[in-house]
Every structure is written in structure tokens, then in C-alpha cells.
Amino acid sequence: MVTSRDLGRAQATAREIGGDCAGLGVDLSQPHQIAPALAEVDDVLHLALVALHRDNNKVREYNIDEAIKLVTLKLVGYTECVHVLAPKMREDASIVIYGGLARNQPYPGSTTITTVNGGVSTLINSLALELAPIRVNAIHPGQVGDTPAWMKQSKEVLDNLKSRTALGRLVTIEDVTNAAVFLLENRGVTGVNLRVDGGRMMK
Ligand SMILES: NC(=O)c1ccc[n+]([C@@H]2O[C@H](COP(=O)([O-])OP(=O)(O)OC[C@H]3O[C@@H](n4cnc5c(N)ncnc54)[C@H](OP(=O)(O)O)[C@@H]3O)[C@@H](O)[C@H]2O)c1
């Protein structure tokens with residue numbers, strides 16, 4: 001199943017993926033609406049929590065409403081999804097939660113994103129402990145060069161970011177999804193925060 005805030009968009013994406021894929025409408029920034037929205041989901045093997053509200057928020061010009069949207073979505077919304085789906089998960093099920101490199105490498109305007117990505121890093125610990133043998137891990141990508149957010153940046157910005165990675169390139173959606181599949185499928189891995197950043201922390 002794939003989800004979007006917009007049911008039509010989820011269904012169009014499901015058709016594009018094909019096979020038995022189906023679309024569901026759910027807004028993770030409205031946690032009380034998550035249980036009814038996921039009522040028809042059953043027999044869960046893998047859960048990927050990926051949604052993001054982009055909040056560029058400097059503390060001197062703090063926008064409370066934007067911050068609440070992101071904090072609610074990532075910390076309460078993600079957790080409520082796990083709460084709702086846990087009884088429907090198989091014993092060998094697994095969960096991957098998306099954080100990001102901003103937890104360790106802040107930039108001006110990253111206050112909320114740095115906070116929630118730090119929260120994701122520790123959220124997996126209690127979830128992995130409480131839900132075992134269901135496994136729970138987090139993935140922390142660096143700037144993903146072929147996502148819309150980065151494709152629109154100038155060559156100067158991108159070259160600067162690339163020069164700060166050990167690999168000399170930005171990671172790709174394929175790099176990140178391959179790592180997410182590893183976390184979902186490897187039966188020995190739980191409570192792990194995995195960086196996929198082309199060696200950004202080394203520079
Ligand atoms: N791109 C990067 O460079 C990068 C770097 C580090 C970490 N990450 C992490 O990777 C994940 C994916 O990033 P991305 O760049 O692919 O994000 P994105 O392009 O902004 O996509 C975010 C998705 O979240 C959904 N969404 C937004 N608000 C929602 C809500 N309230 N409820 C439910 N769904 C909602 C949107 O779908 P609809 O609009 O259809 O609802 C959209 O498909 C995020 O968790 C992000 O923190 C990304």
C-alpha cells in the first residue's frame with residue numbers, strides 16, 4: 001500500500017507501481033485521524049515511514065504553526081502509525097523510519113528538522129525494545145541529489161555539497177531505497193541508525 005494526503009494521488013501512484021498495489025489517503029499531521037484512515041490495512045510485513053513536511057524555520061523568526069506540523073507529523077504521526085499497525089504486523093515484520101543527516105549537521109533554518117531527526121534516532125530504541133521480535137531501524141540520508149528538493153538547487157550549491165562528501169557525489173534515491181530494503185529485510189538488524197550520505201561525516 002502507498003499513501004498520500006490526497007487519495008487520488010495515492011491511487012495514481014499505486015496504479016503506476018502496478019500489481020496488487022493500492023493507495024490510501026492519510027494525513028500524518030492529524031494523528032487522531034490515522035487509525036480510521038488505516039482501518040483496512042492488515043497483515044503487515046514491512047512499514048516505511050517516509051513522509052515529510054518541509055519546515056525551514058530560523059529560531060529568531062520562529063513560525064510555531066510550521067514547527068508543530070513537522071514535529072507532529074514525524075514524532076507523533078509516525079508513532080501513531082506504529083501503534084495502529086502493530087497488532088496487524090506479522091511476528092517477523094519490520095519498520096524503517098526516515099530521519100536525516102540534519103540531526104548531526106545543522107544549518108540555519110534546520111531547527112525543527114534537526115530536532116525531529118534527532119527524535120527519530122532515539123524513537124527507534126524504545127520501539128525496537130517494546131515491539132521485538134518486530135525489528136525497528138532508522139535511515140539517515142544526506143542530501144539526496146535526485147529528489148525534487150535538491151534538483152532545483154544551483155550548480156554552485158550542489159558542487160559545494162559534493163565536495164564535502166568522501167565519495168565526491170550526492171547519494172541517490174536508489175542508494176537510499178537499497179539501504180531501506182536492507183534494513184527491512186535483514187533479520188539480524190534492529191535499533192540501528194544507518195547513515196547513507198556518501199561519507200559526509202568524514203569531511
Ligand atoms: N530529499 C533529501 O535530500 C532528504 C535528506 C535527508 C532525509 N530525507 C528524508 O527522506 C524522506 C523523504 O524525503 P523526500 O525528499 O522524498 O520528501 P518530499 O519529496 O518532500 O516528499 C514527502 C512526502 O511526504 C508526503 N507528506 C507530506 N505531508 C504529509 C502529511 N501531513 N501526511 C502524510 N504524508 C505527507 C507527501 O505526499 P503527499 O503530498 O502526496 O501527501 C510527499 O510524498 C523524509 O522523511 C526526509 O526527512 C530526505
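Remember, it's 1-based here, ligands and their atoms both numbered in the order they're listed.
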**Q.** Salt bridge K69-E66, side-chain N to carboxylate O under 4.0 Å
**A.** yes

Q: Could you see which bit of K69 sits under 4.0 Å from ligand 1, with heavy atoms only: side chain, backbone, both or neither?
A: neither

Q) When you look for heavy atoms under 4.0 Å from ligand 1, do you find them on the side chain of H140, its backbone, both, or neither? A) neither

Q | Pair R90 + D92, salt bridge at N-O below 4.0 Å | A | no

Q: Please state whether R9 comes within less than 4.0 angstrom of ligand 1, counting heavy atoms only.
A: yes

Q) Going by the atom numbers of ligand 1, which of them fall below 4.0 Å from some non-hydrogen atom of G142? A) 3 (O), 5 (C), 6 (C)

Q.
List ligand 1 atoms under 4.0 Å from G100, heavy atoms only on the residue side.
A. 6 (C), 7 (C)

(Q) What I'd like to find out is whether the side chain of L28 reaches to under 4.5 Å of the side chain of T3, using heavy atoms alone. (A) no

Q) Can you tell which of C81, G99, A51 gets a heavy atom nearest to atom 9 (C) of ligand 1? A) G99

Q: Check each atom of ligand 1 against the heavy atoms of L73 and keep those under 4.0 Å away; list them by number with element.
A: 28 (N), 29 (C), 30 (C), 31 (N)

(Q) For atom 44 (C) of ligand 1, what's the nearest protein heavy-atom neighbour? Residue, atom name and distance, please. (A) V50 O, 3.0 Å

Q. Which protein heavy atom lies closest to atom 2 (C) of ligand 1, and at what distance to 0.1 Å?
A. V144 CG2, 3.6 Å

Q | Nearest neighbour of atom 22 (C) of ligand 1 from the list L49, L28, L52, on a heavy-atom basis | A | L52

Q.
One residue to check: T147. Relative to ligand 1, which of side chain, backbone, both or neither has a non-hydrogen atom less than 4.0 Å away?
A. side chain

Q. Does K74 pair with D55 as a salt bridge, N-O distance under 4.0 Å?
A. no

(Q) I need the atoms of ligand 1 closer than 4.0 Å to a non-hydrogen atom of S4, numbered in the order shown. (A) 38 (P), 40 (O), 41 (O)

**Q.** Ligand-residue contact atoms, ligand 1 with S29, heavy atoms, under 4.0 Å
**A.** 31 (N)

Q) Under a heavy-atom criterion of less than 4.0 Å, does A149 contact ligand 1? A) no

